[in-house]
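Attaching a single structure in structure tokens format; questions to follow.
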There are 2 protein chains.
Amino acid sequence: MHSFDKTIQKLRQEGFKLTPQRLAVIKHMIGNSRHPSALAIHKDLKRRYPSLSFSTVYNTLNMLERIEEVQSLNVIDGHLNYDPDISTHGHFLCTKCGTIHDIRFEDCDDIKLPQGEIGGHTISSIQVSFKGTCRICR
Amino acid sequence: MHSFDKTIQKLRQEGFKLTPQRLAVIKHMIGNSRHPSALAIHKDLKRRYPSLSFSTVYNTLNMLERIEEVQSLNVIDGHLNYDPDISTHGHFLCTKCGTIHDIRFEDCDDIKLPQGEIGGHTISSIQVSFKGTCRICR
DNA sequence: GTACTTGCAAACAGTTTGCATAGGC
DNA sequence: GCCTATGCAAACTGTTTGCAAGTAC
């Protein structure tokens with residue numbers, strides 16, 4: 001998710017209406033590196049938008065995923081987490097504090113991943129998730 | 001999941017009873033590289049064990065995961081798939097045919113992953129999942 | 001015989017859907 | 001004013017749980 005203006009522009013281009021609820025979700029996600037779940041997003045926004053419903057949050061997130069402004073993560077069993085950074089990068093789930101840390105591949109020279117194809121299969125996306133105890137918890 | 005005898009031995013060691021249902025699930029998983037879901041396992045075993053319940057399948061899989069005889073995979077949104085191969089390896093989900101292919105890191109020299117720690121975080125497990133079109137489908 | 005396990009049904013969590021109303025354009 | 005988006009509730013999916021009856025040991 002680049003910036004507010006660019007995202008708004010994209011919504012307009014695709015013919016989506018700019019409702020207060022959508023703008024609130026977008027604002028909440030831009031630059032958000034906490035990888036919130038739909039539940040967490042709803043809980044946070046509910047304060048300012050008491051009538052905001054779950055379906056609107058889900059609809060908006062699904063729309064943002066469709067137009068590639070967020071990606072959904074399968075890091076935790078049983079629900080999805082959302083990341084406004086759609087670049088290919090990894091995630092570290094701390095099983096102690098529950099935090100999801102970003103792992104930027106460029107910063108680690110002990111990580112290398114294929115691009116385009118692997119074993120004859122054509123790759124369209126990659127998800128790398130680590131579990132363990134994070135830097136802060138140990 | 002090494003072999004039938006070794007797995008049985010482990011169950012006995014841990015004090016689990018060897019019920020027909022458990023033996024059926026274990027036999028069904030050994031050497032199974034199709035990464036079945038609990039639903040698929042239940043469906044397959046139901047033929048020979050018509051009274052087999054979902055809870056027994058789930059209980060057995062959770063037990064096998066606890067004693068590290070299977071691992072659960074987060075490759076597909078919304079449900080878990082089970083893999084009797086607990087070694088660290090990747091998975092490729094074909095979005096066309098739905099097949100999950102194993103990706104053995106040793107076989108690909110364009111994959112390198114860290115061991116032990118990453119960015120100061122202590123790693124206990126890694127999951128790598130690719131999505132795209134598999135060798136067979138394209 | 002004594003636990004542990006089973007099977008059933010009900011509970012549960014996260015997500016999606018249907019529909020009447022509201023509101024962006 | 002048209003048509004999409006919202007909010008609510010209900011439906012749905014995958015998984016877990018509670019409990020009486022059954023069974024491995």
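Convention: sequence-line order gives letters A, B, ...; per-chain numbering from 1. Here the structure is a predicted model, which is why all the values come from computation and not from measurement. Atom set for the values below is all heavy atoms of this structure, side chains included, hydrogens, waters and symmetry mates excluded.
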Next on the checklist: Any side-chain N or O of B:S53 below 4.0 angstrom from OP1/OP2 of C:dT6?
Outcome noted: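 Answer no for this pair, as no side-chain N or O of B:S53 is under 4.0 Å from OP1 or OP2.
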Item to check | Rounded distance in Å - CG (A:D77) to P (C:dT15) | outcome: 12 Å
Checklist entry - Between D:dG14, C:dA9, C:dG14, which one does the side chain of A:Y58 approach most closely? => result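 Minimum distance to the A:Y58 side chain belongs to C:dG14.
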Item to check | Options C:dT5, C:dT17, D:dT16, nucleotide nearest the side-chain atoms of B:N62 | outcome: D:dT16
Checklist entry - NA contact type, A:S51, heavy-atom cut-off 4.0 Å: base, sugar-phosphate, or nothing? => result sugar-phosphate
Checklist entry - Which pair of non-hydrogen atoms, one from B:E68 and one from B:I86, has the smallest distance, and what is that distance? => result O-CD1, 3.4 Å
Next on the checklist: Let's see if you can work this out: which of C:dC25, D:dT6, C:dG14 has an atom nearest to the side-chain heavy atoms of A:K17?
Outcome noted: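 Closest of the options to the side chain of A:K17: C:dC25.
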Next on the checklist: Measuring from the side chain of B:L18 (C-beta onward, heavy atoms only), which nucleotide among D:dC25, C:dT5, C:dG24 has the closest atom?
Outcome noted: D:dC25
Item to check | Test applied, ring-ring contact (aromatic ring centres under 6.0 Å, His included); reference residue, B:H35; option that passes from B:H91, B:H89, B:H79 | outcome: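 Single ring-ring contact (aromatic ring centres under 6.0 Å, His included) partner of B:H35 among B:H91, B:H89, B:H79: B:H91.
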Checklist entry - Which distance, rounded to the nearest 0.5 Å, do you find between the CD of A:E65 and the OH of A:Y58? => result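 The OH atom of A:Y58 is 12.5 Å from CD of A:E65, to the nearest 0.5 Å.
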Item to check | Shortest side-chain distance from A:H79, nucleotide among C:dG14, C:dT5, D:dG7 | outcome: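 So the side chain of A:H79 is nearest to C:dG14.
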Next on the checklist: What is the distance, to the nearest angstrom, from the NE2 atom on A:H42 to the P atom on D:dG7?
Outcome noted: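 Atom-to-atom, A:H42 to D:dG7, this comes out as 8 Å.
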Checklist entry - In Å and rounded to the nearest 0.5 Å, what is the CD1 to CG distance from A:I123 to A:L113? => result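 One gets 8.5 Å once the value is rounded to the nearest 0.5 Å.
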Checklist entry - Expressed in angstrom and rounded to an integer, what is the separation of A:Q21 atom CD from C:dA22 atom P? => result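 It works out to 14 Å between those atoms.
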Item to check | Residue A:T19, side-chain heavy atoms: nucleotide from D:dA5, C:dT5, C:dT15 that is nearest | outcome: D:dA5
Next on the checklist: Using whole Å, what does the distance between atom P of nucleotide D:dT6 and atom CZ of A:F16 come to?
Outcome noted: 11 Å
Checklist entry - Counting side-chain heavy atoms from CB outward, which of D:dT6, C:dT15, C:dG7 is closest to A:N59? => result D:dT6
Checklist outcome for this item: Rounded to whole Å, CZ of B:F54 lies from C1' of C:dC12 at a distance of 16 Å
